[in-house]
Structures are given as C-alpha cells and as structure tokens.
Amino acid sequence: MRLEGKLNPEQMEAVLQTEGPLLILAGAGSGKTRVITYRIAHMIDKGISPFNILAITFTNKAAEEMRSRVDDLVGFGADSIWVATFHSTCARILRRHIDVLGYDTNFTIYDTDDTKKVVTNILKKNSIDPKKFPPKTILSVISTCKNEMVSVEEYASTAMEDFEKITALVYREYQKALFDNNALDFDDLLLLTVELFKKSPEILENYRNRFRYILVDEYQDTNTVQFSFIKMLADKYRNLCVVGDDDQSIYRFRGANIRNILDFEKNYSDALVVKLEQNYRSTENILNSANAVIAHNNNRKEKTLWSQNGAGTKVHFRHFDTAREEAQFVVDDIYTKVRRRDCMKKDCAILYRTNQQSRELEEVLLQENMPYNIVGGTNFYGRREIKDILAYLKTIANGSDNLNVERIINVPKRGIGETSLGKARAYAENNEISLFETLLHADRVPTLGKTASKMMDFAADICVFRHRIAENEFEDLPELIGELIEKIGYEDYLFENEEEEDARDRMANIDELITKAAYFEEKYATDNPDAERGPTLQEFLNDVSLVADIDDVNTDADRILLMTLHAAKGLEYNHVYIVGMEDGLFPGDRSIVSADYEDMEEERRLAYVGITRAKEDLTLTAARSRMIRGSWTSYPVSRFVREIPSELLDSSMKFTTNTIDSISTVEQSAFKPNRLYAGYTSKMVNKKPESSDNNVDLSKKPYGTTGLLKGVNYSKPKAVAKPVVNLNPGLSGLTKGSDLVANTSFKPGDRVNHVKFGDGVIKEIDNSGKSTYITIEFEEYGQRILDSRFAKLNLI
DNA sequence: AACCTTGGTGTTTTT
DNA sequence: CACCAAGGTT
C-alpha cells in the first residue's frame, strides 16, 4: 500500500507510529477516520495480524464504516479485526465469562425503561415516596457511581444526607435485583468486565495477548470505567493509540471524563502526541466561526484549526417570530436549493438541541411533502409492541428475568390480573425462586384457583420454544419470531384492542423487527463466513439492546436528515441548519443557571460540534417565541450566535455590538440570574403566535401518543377495603367476584342506597351473564344497571 | 379484571 | 404539552 501523497506530514507520522502509546489530537474534519484506517491498513501491511487488533468506536455505525474502509484498503483480513463499541465489546466478553462472577451467560441487558421499573418497584417495596426521591435522579446517581467504579459499600459509607442514604439503600437493592433477574444495565457491561479482569488474571491475560494493538476513537468521551478497561488491556504491550478532540467532548452528563484525554501524556509519559490541525471539511468562514465560538472556553488544549478550502459563503443567521416560521423557513430554503439543483436532500441536515424540537419541523416537512428521516426521538425499540415481543424473546432466553415475565404475563390477555400475580410474586419471593419458575408450577401456589392453570399454560408455551430452539428446530430468527407471534395470538390481540389503523401500524412495526432479524442473520453470515450455525437468540438480543439511534440511519435514501446535535457527532453535511439558537434552549437554561462553569463549556463544545458538521453552508436560526411544555416561551438569541464575529455572519438581525446589549429590552429582561428559567412565558408576553390554518394532523401518524400506550401496572396489591355491605355474608372480606354472585342477598323490591347515586329500588336481578347485574331505579339518577361485584350498596 | 378518566408532574443530551 | 400513576366505573 502506498502512503505517499495520500497523507499530510502529521497524518503520516501518526500512521507510521504503530508501536507504543500514541495520542492523536484530531481537530474536527482533520481526516481522523482516514488516519485510523490507513494506520490499521499499514499495520496489517507490516505483518501485524488483524486478529491482534482491537478498535473501539463510539457507535456501531462508525465501527461498520471503519471496517469497510480498512477492507477497501487491504482487500482481505479486515473481518478478523475486532471493531466494536465499548458496550458490545464488553457484552461479548461477558457472554463468555460472566459465570465467573456468578451471573449466568444468558443474561439480559436492561435499558433505561427497565431500570426505572426496577427502581420504582424498590421504592414501593420500601414505602419510599417517589416524589421526594425520583427514580430518575436515583438512577443517575447509581450510574455515576458505576461509571466512577464506586461500589455500594463505598457509596453507603460516605452517604450523609437523607437523599444519599436512600440512594445507598436503593443502590444495594437495585444491584441485588439485577443479579436475581440475571440482568445487567448499560453501566454493568463495563463495570463487570473490569471486575471480571480483576477477578480472573488468566482471562485478562488471554485478552491482553489477543489485543496487542488497541485503538480507541472519540477518546474524549470515555469515562473512568472505560479508561480502566482499556488500561488493563493495554498494560502488557502498551500499543495503545487513542484518537480524540477535547473540544468535542459532549458526554460529560453520562460520565465522560475529559481528564482522560487531557492527562493521557501523564499516564503514558513516553507517548507520542500528534496534532492534526488542518481541516479538510469546511470553508474558512464556517471553520473560523467554530474557532471563534470555542475560543470562549477556558479548559482546553490550545489548537488552531486552519483550512485551505476558501472563504465560502458567510454563515447565515435568521431570526423568526415563532418556531413554526423558523421551521417553515428551513424547509423552504432546502426546497429552493434542491429545486435549483444546488444539492440533494440527503446533503442537508437539520440539527437541534432537544428531540422535541423535531415535532414542529416534522409538521412542516409533512405539509410540504419533503422526504425526511428523523434520527432517534421515539425510539423504535421503545415502542410497546416491540418491547412486548422482545420481552417474550428475553424470557425465552433468560428465565430469571422477572421484569420481562411481568411485562408479558397478561399480554395478550390471559385473565391473569394483579391479585393473582401478587400471589405468585409473593410465593416466588418466599421460596427464593424466579417468577417464571413459580408460574411453571403455579398449582403449588395456594389460593390461585383457576388462574394457576392459565399461568402454567403460559410457562409451558415458553418452555416449548426453549426446547425447540435447543433442538435447532427453527430455520432462523425470523421464523422463530413469526411462530412466536402466531402462538401467542399477538395480531388478534392488537386488532381486538385497538383501532384498526393503530393495530396495522403496530403489526408493520413487528414486521420491521422481523426484517431486522433477517438482516442480522445476513450480516452475521457475512461477518462469520466460516460459522456453521446462524446467530443465537442471545446474540440477536445483544445487538438489539445495544443499537444507537444513529446506527439505523439509511444514508442512501435521498432524504433530509433531522437529529440532535449529539447524534450528529462524527457526521458531515454540505448544508447544515442548526435551529433553536436561543439562550435557554441552546445553551439550555440549566447550564445558564448552573454554578459549574463546565456545564456551559460543554454546551459550547456542542455548538462547536454542530458548526463543524457543515462543509459548505451553515444556517443558524432562532425564534422569538416557541411553545415549550405547553406555554409560549421567549428566549433571547443564543450567545453562541453572538460569539461569531459579525464579519463572518450574514444576519437579518442588527447587531450593534457583540454583547448582551444588542438584545432588545424585553428579551434582556428575561435575564434574571436568580430565576430558574431564562425565558418568560405567555403570561408575561401577551402574544399567541399564529397556528392551525396549515396544520398537519399528526394524530394520523403511526404510534400517535394518547390512548395507545399502556404501561404495565406494577403497583403493589393494596389492602382491600371493606365493602359498605358485605354482599357475601358467608365469607369475610372480599373474594373473587364470581363467588359473590350466588349468595347475593338482594332481591327485587329492596330499597338500597348507593354511595354515588343515592337511594333507589331494585327492579331486576340478572345473573345469566358472567356476573350479577342489578337494575335499580334511582330517585335522582333514574334507572341504572350495576355490576354486583363492584356496586357499593346498602340495604335501607 | 379491564377500562377510562383524572390529576399531578416534570423536563437535555444517550450507550 | 405529554407522560404516567392512581382512582373510579363497568
């Protein structure tokens, strides 16, 4: 392979340095991916076995791209390089060895939804008020602990305040619950791998010898446990190359430790440091704008990015009255460019700070008939029907996973309600067995009655699938999923319980899941050409649990792409629009009021990332008011816009100076440091901007919001209140409704009092149906038919 | 047991 | 606004 003429001197230096610790500080657009791929290709050229190379990327998409580009360069062998994300790398390692830590290798990976349910259950069990101690907050503390490798004991020993003590308690029970369910959260994947390495030096040695050459991309976004993982692996051969840009560190909120990159030279004193400062991506106006913004940060490695791409057009800034007008402008602008053949739709990206901002844009795009793709937001794998089917598959794969069993036990409806489930749950706990095990032998659970057989039928169905998988009876994953849906009657269930249109949409989603499974089979066959079998169910579930939104984006289709600034990292587009450039939105109000200046610096880095995504053309927009959380809110123009020198800006706004004084008085008045929110709402500004006449009905879209999504009710069975009148004098308290029917002590002609309808006379008692229905003529409410199981009646 | 309505609440970004 | 949990109704 020839390197001459393909790389600049710094890039060349990085590529040729294959041994020892190496830090590549790669500015935005400086040809980072090119350096990485050439470096790997060069290593293989030199005779290093691809089998000994580990490359960690941030997303699966980046991994795939890296592999295919190395493949293009070397022509063969690239498929034996281990290229994967931190999380999937650890998941793969743990699938082999986690039994060392007492877990079973068929563990389930819990997503944020799942972990929130676990914590909510723990709070309930301990009668802790979720209002005072929100699960989300507790979880974020637990996550921080895990990222920082702080064990339950360590955290508990330092816990002083109430919140910390509660969190310590929940942390302990949470970890136990995950263990009992044989489940891991995202952070566990990293943490337990490090623990595994500590516990078993042989296993560590094994991987050290395999991964003699390690490369980590996006190093600025690694956290402490990831650092530890890498360090353990790299310590023997010390061939560690890390690539990153401290100015693009945007994941502090999830534990990324910028010191990892800033202190790399301290940790590896013999490290070679290469700086890539020539930008090949953007025009000078765009690059200089980015440089000007990021220069306002203090905590950074000094560097100056330069470009030879020519000045290009200025950066555009447009200010609108409403978010709707802003969206309309962006869509019209793209439409005009596309019509003039300046670019294709897929050359355009619209970026925003928060996912909810996509809604307004989506409405306009639909209205204008512009094809688009939204990255993330309402996650495909978060949809109810997908979670249901996956919960079945996870139950088939891992019988200890109580959470997923609870999700599906009555979906589709099997007549197993909260009361019976509560009994089974209690039995499982008392006997220290899993819920699934209990269901399998539900006849041993006292007082379940007929529900026991329903439970056993359910458990038996699952067992049949397990057995058939073990016997290799399924051709492939799509066949397995197809038969599962058939067996449980999921399609009928959807159509019986929902509007036809909604049910159809959900089935379309399930078809999509089956398509993904088929695609996974295909990819597996390509990646493992010598494999004698297809992928296992676990491997599929692994993959599904660890996809990032961005991984699924189809870049071939000619569509406008919409995504958050975070999702855009690592990507580039000819035409970039960043919407919602408002102080309060971007930077977010939290970072504005925060006492920690790092919060604002991280927002600024995010702005830097956004700006540097643009190659030719960058447009920034803002709205004077927009609907946020149901009320109209106004924010001033973002400081990041004002940090761009005016000579680089083509602006509709009159800047007098680049200070806060250039904002109108009304907007300035919003800047009260002691207020939680930096904006003001419709109560303060009496303006309700236009709406409606060209509104697109979003409710027609699939997975509309209201009424469709029903969570599983995990509420603890509460003590049953004594009925006003014991309808069944033979039994004390309430039992199953059907038992009451025969013994009802009312008869036609009786005068009764109803708790809500007042007094009345019984006209008729009908017990031909599944319950007893009492027809009563009320004095004030007229004739009513009440169900004897629930009606609270007093004989008078 | 299942459904529907109400009310209270929270808010970035994501593997 | 939009989501969820709790409570009431059939």
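To find a chain, count down the sequence lines: A is the first, B the second, and so on, and within it residues start at 1.
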Between L184(A) (CG) and dT15(B) (P), how many Å, whole number?
18 Å
Base dT13(B) to side chain R353(A), donor-acceptor N/O within 3.5 Å cut-off
yes
Please confirm whether the shortest side-chain N or O distance from S420(A) to OP1 or OP2 of dA1(B) is below 4.0 Å.
yes
Quick one: D114(A) CG to dT15(B) C1', roughly how many Å, whole number?
14 Å
Tell me: CG of D113(A) to C1' of dT15(B), nearest whole Å?
15 Å
Please report the distance, rounded to the nearest Å, between CZ in R384(A) and C1' in dC4(C).
15 Å
Quick check for you: among dT15(B), dT14(B), dT12(B), whose closest atom lies nearest to any side-chain atom of R590(A)?
dT12(B)
Base, sugar-phosphate alone, or nothing: which one does N410(A) contact when heavy atoms must sit under 4.0 Å apart?
sugar-phosphate
Return no unless some side-chain N or O of N497(A) is found under 4.0 Å from OP1 or OP2 of dA2(B).
no
Has T419(A) got a side-chain N or O lying under 4.0 Å from the OP1 or OP2 atom of dA1(B)?
yes
Atom CD of E603(A) and atom C1' of dT12(B): how far apart are they, to the nearest Å?
8 Å
Name the orientation class of the two ring planes belonging to F133(A) and F163(A) (parallel below 30°, tilted from 30 to 60°, perpendicular beyond 60°).
parallel
Is the NZ or CZ atom of K569(A) positioned over Y251(A)'s six-membered ring, under 6.0 angstrom from the centre and within 45° of the axis?
no
Could you give the CD1-to-P distance, from I374(A) to dT14(B), as a whole number of Å?
13 Å
Sorted by position of nearest nucleotide on DNA chain B, 5' first, the leading residue of F58(A) and I416(A) is I416(A)
Looking only at the side chain of K124(A) (C-beta and beyond, no hydrogens), which of the listed nucleotides dC3(B), dT15(B), dA6(C) gets closest?
dA6(C)
Between atom CD in Q356(A) and atom P in dC1(C), what is the gap in whole Å?
13 Å
Approximate separation, where rounding is to 0.5 Å, of T612(A) OG1 and Q248(A) CD:
5.0 Å
Say we look at dT13(B) and dC4(C): how far apart would their P atoms be, to the nearest angstrom?
15 Å
What's the CZ-C1' distance between F133(A) and dT9(B), to the nearest Å?
17 Å
Scan Y251(A) against the nucleic acid and name what it touches under 4.0 Å (heavy atoms): base, sugar-phosphate only, or nothing.
sugar-phosphate
When rounded to the nearest 0.5 angstrom, what is the spacing between CZ in R384(A) and CZ in R506(A)?
4.0 Å
Measure from the side chain of R254(A), starting at C-beta and using heavy atoms only, and say which of dT15(B), dT9(B), dT13(B) lies closest.
dT15(B)
Closest listed nucleotide, where the reference is the side chain of T354(A) and the choices are dA1(B), dT15(B), dT13(B):
dT13(B)
R359(A) side chain near dA2(C) phosphate (N/O to OP1/OP2, under 4.0 Å):
yes
Could you verify whether a donor N or O on one side chain and an acceptor N or O on the other, from Y381(A) and D111(A), lie under 3.5 Å apart?
no
May I ask you to say what S545(A) touches in the nucleic acid, namely base, sugar-phosphate or nothing, with a heavy-atom cut-off under 4.0 Å?
nothing
With a 4.0 Å cut-off on heavy atoms, is N355(A) in touch with a base, just the backbone sugar-phosphate, or nothing at all?
sugar-phosphate
Side-chain N,O (K413(A)) to OP1/OP2 (dC3(B)) below 4.0 Å
yes
S631(A) side chain N/O closer than 4.0 Å to the phosphate oxygens (OP1, OP2) of dC1(C)?
no
Test item: R605(A) side-chain N/O and I250(A) main-chain N/O as donor-acceptor pair under 3.5 Å:
no
